[in-house]
**Q** 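Quick one: the structure is below, and I'll ask about it shortly.
Keep in mind that the numbers below use all heavy atoms, side chains included, and drop hydrogens, waters and symmetry copies. Letters A, B, ... mirror the listed sequences (proteins, then strands); counts begin at 1.
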Amino acid sequence: MPESRRLDRLTSMMRRRGIVLPSFEIYGGVAGLVDYGPVGARIKRKVIQAWIDHWTSNGDIVEVDSPTITPKAVLVASGHVGEFNDQMSECLSCNAIFRSDHLVEGMHPSPDTLEGEELDSLISSNSVTCPNCQGGEWAKARPMNLMFPTTIGAMGGGREAYMRPETAQGMFMLFPSLYRHFKQKLPFGAVQTGRGYRNEISPRKGMIRLREFNMAELEYFIDPLDQPCGDLGQYTDKISLIPDPEGENQGEIRSTFSEANQSGLIKHSTVAWFMARTYDFLTKIGIDSEKIRFRQHAGSEMAHYASDCWDCEILGEYDWIECVGIANRTCHDLESHELHSGSNLLRSWRQFVTPKKIFKEGLSPNSSVIGPLFKQRAGAISTAISELVDIPGSFPFTIVLDGGFEAEITKEMVSLVKEERNIHGEWFTPHVIEPAFGIDRIIWHVLDHSFIEDGKDEEGYVTLRLSETVCPYDLSILPLFDKDGMGEFARGMFNQVSTIRGIHADIDSSGSIGKRYARADEIGVPWAITVDHSTLDDGTVTVRKRDDQRQVRISSEELIVHVKNRTIESLF
RNA sequence: GCGCCUGUAGUGAAGGGGUUAUCACAAGAGGUUUCCAACCUCUUGUCCCGGGUUCAAAUCCCGGCGGGCGCACCA
């Protein structure tokens with residue numbers, strides 16, 4: 001079997017068996033949009049369920065769900081409207097397109113803040129040449145919008161909006177509700193799974209770069225003075241870590257999460273903790289641990305909102321692909337939303353262990369004197385007096401207002417106040433650690449790593465060695481013949497197991513028994529239950545294990561108990 | 001967006017200006033004491049879309065859409 005075509009065989013199988021296939025195909029298809037078919041949708045649901053369970057099982061993280069349509073103002077505050085509207089310049093001689101701000105790199109302190117016309121004039125005044133063909137003629141810079149715009153309101157005059165490029169903003173919007181839910185105590189987190197939208201220039205590589213995709217994001221809100229972290233010592237695997245090439249550490253380092261955190265390779269303990277938990281999740285759903293690595297972003301590739309970011313990359317048919325990003329978003333989002341919205345609900349209270357005593361000495365304006373004397377300027381003068389930090393040693397002294405007005409302040413106009421207060425705590429903007437998962441990319445790699453071809457002949461025998469956590473059906477029930485009562489017995493069993501919560505069975509009576517095993521193996525059903533002649537005599541069935549084809553015989557009642565308890569494995 | 005390659009049943013392929021487009025596997029019905037893709041009979045189903053050239057286009061040409069790779073892009 002030529003290994004170079006494994007990718008083709010895997011994608012063909014995925015289409016044929018209804019796992020993942022191009023969308024809208026009878027209308028020619030649309031690049032970057034895919035469907036999950038009947039088998040794929042079940043796998044996807046189980047991956048997402050496993051993800052939600054993984055993060056919410058500690059009690060400090062809850063699930064939320066917010067709209068995909070997002071008002072423009074939210075995305076202006078988050079920085080996406082600015083960042084997602086990069087100006088692009090096209091070379092008139094070879095039609096190559098470049099980001100305008102990259103072309104004028106070094107010619108301006110902050111090229112990414114410039115408008116189209118400023119970029120154009122910078123390009124022409126510096127005679128920037130095309131990196132591709134050395135031509136010097138450029139078309140006007142045009143904005144490239146990577147978000148899908150829409151309008152809220154069916155008639156004219158609606159509000160401008162975009163399809164969300166990430167689910168994170170919805171969780172920031174819900175911060176006040178989360179803060180109340182968690183009894184106003186950090187740390188806590190929220191997860192959200194759902195669709196995100198990016199109008200990619202050129203979607204590529206099957207389901208790797210999509211225009212509409214499934215994401216799963218976790219926002220963990222912490223006090224920046226604290227770095228909450230679980231027991232890293234429980235993760236003893238050595239992990240491949242590739243630190244920022246612009247930093248002190250070079251090349252690939254193999255280390256445990258605990259060591260990496262202690263040595264300062266992973267600076268933030270909470271980031272290290274989520275990296276470990278991410279590794280734990282990925283291996284649990286069937287990603288090969290040898291094909292996982294973490295790569296730190298260089299400062300230059302960091303998203304606009306992040307101060308540190310580690311990508312989790314997975315090795316598959318498309319080489320190393322970024323599947324999870326674990327970013328320290330600091331207070332960027334909450335602070336920016338506070339600024340843009342005027343809300344004061346995006347903060348958290350930090351209680352001091354011991355109240356701080358503060359002594360405040362200041363001047364208090366005597367308005368009965370100041371008022372009649374300064375009339376309309378009295379208010380401004382009173383404020384200025386209260387805000388004086390250095391109290392002048394003698395009277396009279398002069399205060400200069402913003403407009404240049406000079407007021408002479410005499411002893412009678414003020415009184416000296418000495419105040420002693422206990423401060424019990426302070427308000428601050430929480431920081432956010434965000435693990436963001438690309439669900440489609442993860443599903444791809446789960447399938448890639450499970451796709452085992454080990455046929456002896458040319459044709460190849462395919463087994464999808466999916467973990468029970470993500471398999472599309474838990475078991476396949478196969479009547480050896482659909483007659484003599486075997487079919488009825490099988491359907492009875494099917495109905496019985498189908499009432500068990502979380503269990504989905506398949507029933508298949510067409511074709512030879514070998515063919516039916518093969519069909520079940522190909523989509524990763526872990527157990528095949530065969531109803532045969534003996535079943536009719538003594539009520540026993542055979543249970544076949546997908547990964548080694550071993551079979552045991554057991555009474556159907558006993559089997560159903562094992563299905564219920566998820567202990568089929570113990571039969572082997 | 002650009003360049004090169006490419007598009008034939010569900011999947012993989014063959015063919016190719018001329019009657020009804022070929023093969024394998026898959027799928028459906030029936031048969032067969034049928035436990036690892038067995039066999040027999042029958043059946044369903046295909047030239048990406050649009051325009052052009054031509055007496056005649058699935059085939060040649062142009063455009064679009066989709067796919068692969070490279071460049072660019074991937075906040």
**Q** With a 4.5 Å heavy-atom cut-off, do A:D333 and A:S336 have their side chains touching?
**A**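 When only atoms from C-beta onward are counted, A:S336 and A:D333 do not touch, as no gap falls below 4.5 Å.
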**Q** Kindly assign one of parallel, tilted or perpendicular to the pair A:F274 and A:Y220, based on the angle between their ring planes and the thresholds 30° and 60°.
**A**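 Perpendicular: the ring planes of A:F274 and A:Y220 meet at over 60°.
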**Q** What is the separation between atom CZ on A:F213 and atom P on B:C74, rounded to the nearest whole Å?
**A**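 Taking CZ of A:F213 and P of B:C74, I get 15 Å after rounding.
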**Q** Nearest whole angstrom, please: distance from the P of B:G10 to the CD1 of A:I19.
**A**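 In whole Å, B:G10 P lies 18 Å from A:I19 CD1.
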**Q** Which nucleotide wins on minimum distance to the side chain of A:S510, given the candidates B:U11, B:G28, B:C73?
**A**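 Selected nucleotide (nearest to the side chain): B:G28.
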**Q** Which whole number of Å gives the distance between the P atom of B:C40 and that of B:G64?
**A**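 Comparing P positions in B:C40 and B:G64 gives a spacing of 49 Å.
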**Q** Should we count CD of A:Q549 as having more than 12 external heavy atoms under 6.0 Å?
**A**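 It does: A:Q549 CD has more than 12 such atoms within range.
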**Q** Where each residue is assigned the nucleotide of RNA chain B containing its nearest heavy atom, which of A:R441 and A:M13 is assigned the position nearer the 5′ end?
**A**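 Checking each residue's closest nucleotide, the 5'-ward one belongs to A:M13.
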**Q** Applying salt bridge (Lys or Arg N to Asp or Glu O under 4.0 Å), can you list everything that pairs with A:R159, at least two apart in sequence or on another chain?
**A**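 Partners of A:R159 under the salt bridge (Lys or Arg N to Asp or Glu O under 4.0 Å) test: none.
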**Q** My understanding is that only residues two or more places apart in sequence, or in another chain, count here; which of them pass salt bridge (Lys or Arg N to Asp or Glu O under 4.0 Å) with A:D508?
**A**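 In terms of salt bridge (Lys or Arg N to Asp or Glu O under 4.0 Å), with neighbours along the sequence ignored, A:D508 is linked to A:R519.
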**Q** What's the gap between B:C65 and B:G51 when it is taken at their C1' atoms, as a whole Å value?
**A**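 That atom pair is separated by 14 Å.
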**Q** For atom C1', what is the distance between B:G45 and B:G52, given to the nearest Å?
**A**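 About 31 Å, rounded to a whole number of Å.
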**Q** Would you tabulate the side-chain donor-acceptor contacts of residues 476-485 of chain A under 3.5 Å, counting partners in other chains and residues two or more places apart, or write 'none'?
**A**
none

**Q** Please list, chain by chain and in numerical order, all residues satisfying side-chain hydrogen bond (donor to acceptor under 3.5 Å, both in side chains) with A:E522, sequence neighbours excluded.
**A**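 side-chain hydrogen bond (donor to acceptor under 3.5 Å, both in side chains) check on A:E522 returns A:R16, A:R17.
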**Q** Please give, in whole Å, the distance from B:A37 C1' to A:R17 CZ?
**A**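 Going from CZ in A:R17 over to C1' in B:A37 covers 11 Å.
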**Q** Can you measure A:R546 atom CZ to B:A37 atom P for me and round it to whole angstrom units?
**A**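 The answer, rounded to whole Å, is 18 Å.
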**Q** Which pairs pass ring pair (Phe, Tyr, Trp, His ring centres under 6.0 Å) with one or both residues in residues 6-35 of chain A, sequence neighbours excluded?
**A**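 Sorted pair list comes back empty.
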**Q** Taking Watson-Crick (N1-N3 plus N6-O4 or O6-N4) and G-U wobble (N1-O2, O6-N3), each under 3.5 Å, can you produce the dot-bracket string of RNA chain B? Use [ ] for crossing pairs and | for inter-strand ones.
**A** (((((((..((((....[...)))).(((((.......)))))....(((((..]....))))))))))))....
**Q** Please state whether the phosphate of B:C25, meaning OP1 or OP2, lies under 4.0 angstrom from any side-chain nitrogen or oxygen of A:R9.
**A**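 Answer no for this pair, as no side-chain N or O of A:R9 is under 4.0 Å from OP1 or OP2.
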**Q** Nearest whole Å is fine: how far is B:C69 C1' from A:I208 CD1?
**A**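 It works out to 16 Å between those atoms.
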**Q** If we take the C1' atom in both B:A58 and B:G17, what is their distance in whole Å?
**A**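 Per the computed distance, 10 Å lies between those C1' atoms.
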**Q** Can you check the distance between B:C23 and B:A37, where both ends of the measurement are the P atom (answer in whole Å)?
**A**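 About 26 Å, rounded to a whole number of Å.
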**Q** Mind checking side-chain contact (heavy atoms from CB on, under 4.5 Å) for A:R209 and listing every partner two or more places apart, or none if nothing turns up?
**A**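 Only A:E200, A:R441 meet the side-chain contact (heavy atoms from CB on, under 4.5 Å) criterion with A:R209.
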**Q** From the options B:G10, B:C74, B:A37, select the nucleotide whose nearest atom is closest to the side chain of A:R209.
**A**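 Closest nucleotide among those given: B:C74.
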**Q** What protein N or O atoms touch nucleotides 32-36 of chain B N or O atoms at under 3.5 angstrom, if any, and at what distances?
**A**
residue, atom, partner, partner atom, Å
B:U34, O2, A:I513, N, 3.3
B:C35, O2, A:Y517, OH, 2.9
B:C35, O2, A:Q551, OE1, 3.3
B:C35, O2, A:Q551, NE2, 2.9
B:C35, N4, A:D532, OD2, 2.1
B:C36, O2, A:R544, NH2, 3.2
B:C36, N3, A:R544, NE, 2.6
B:C36, N4, A:R544, NE, 3.2
B:C36, N4, A:Q549, O, 3.1
B:C36, N4, A:Q551, OE1, 3.3

**Q** Donor-acceptor pairs under 3.5 angstrom involving side-chain atoms of residues 320-328 of chain A: please list them, not counting sequence neighbours.
**A**
residue, atom, partner, partner atom, Å
A:N328, OD1, A:T330, N, 3.0

**Q** What is the distance, rounded to the nearest whole Å, between atom CG of A:D311 and atom P of B:C74?
**A**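 My rounded result for the distance is 14 Å.
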**Q** For A:W444, give me all partners under ring pair (Phe, Tyr, Trp, His ring centres under 6.0 Å), at least two apart in sequence or on another chain.
**A**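 Scan of A:W444 (ring pair (Phe, Tyr, Trp, His ring centres under 6.0 Å), adjacent residues dropped) gives A:Y318.
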**Q** Report, as a single string ordered 5' to 3', how protein heavy atoms within less than 4.0 Å touch nucleotides 62-68 of chain B: B base, S sugar-phosphate only, - not at all.
**A** ---SSSS
**Q** Taking atom C1' in both B:C71 and B:C61, compute the distance separating them and give it to the nearest angstrom.
**A**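 28 Å, rounded to whole Å.
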**Q** Rounded to the nearest Å, what distance is computed from the CG atom of residue A:L210 to the C1' atom of nucleotide B:C73?
**A**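 It works out to 16 Å between those atoms.
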**Q** When you compare B:A21 with B:U46, how far apart are their C1' atoms, in angstrom units rounded to a whole number?
**A**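 Approximately 9 Å lies between the C1' atom of B:A21 and that of B:U46.
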**Q** Rounded to the nearest angstrom, tell me the gap between atom CG in A:N199 and atom P in B:G1.
**A**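 Taking CG of A:N199 and P of B:G1, I get 11 Å after rounding.
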**Q** Checking side-chain contact (heavy atoms from CB on, under 4.5 Å) between A:K291 and each of A:H449, A:H445, A:E313, which is the one that passes?
**A**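 For A:K291, the side-chain contact (heavy atoms from CB on, under 4.5 Å) test succeeds with only one of A:H449, A:H445, A:E313, which is A:H449.
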**Q** A:D537: what forms a salt bridge (Lys or Arg N to Asp or Glu O under 4.0 Å) with it, not counting sequence neighbours?
**A**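 Expected list: none.
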**Q** On a whole-Å scale, what distance lies between the P atoms belonging to B:U33 and B:A9?
**A**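 Straight-line distance between the two P atoms is 38 Å.
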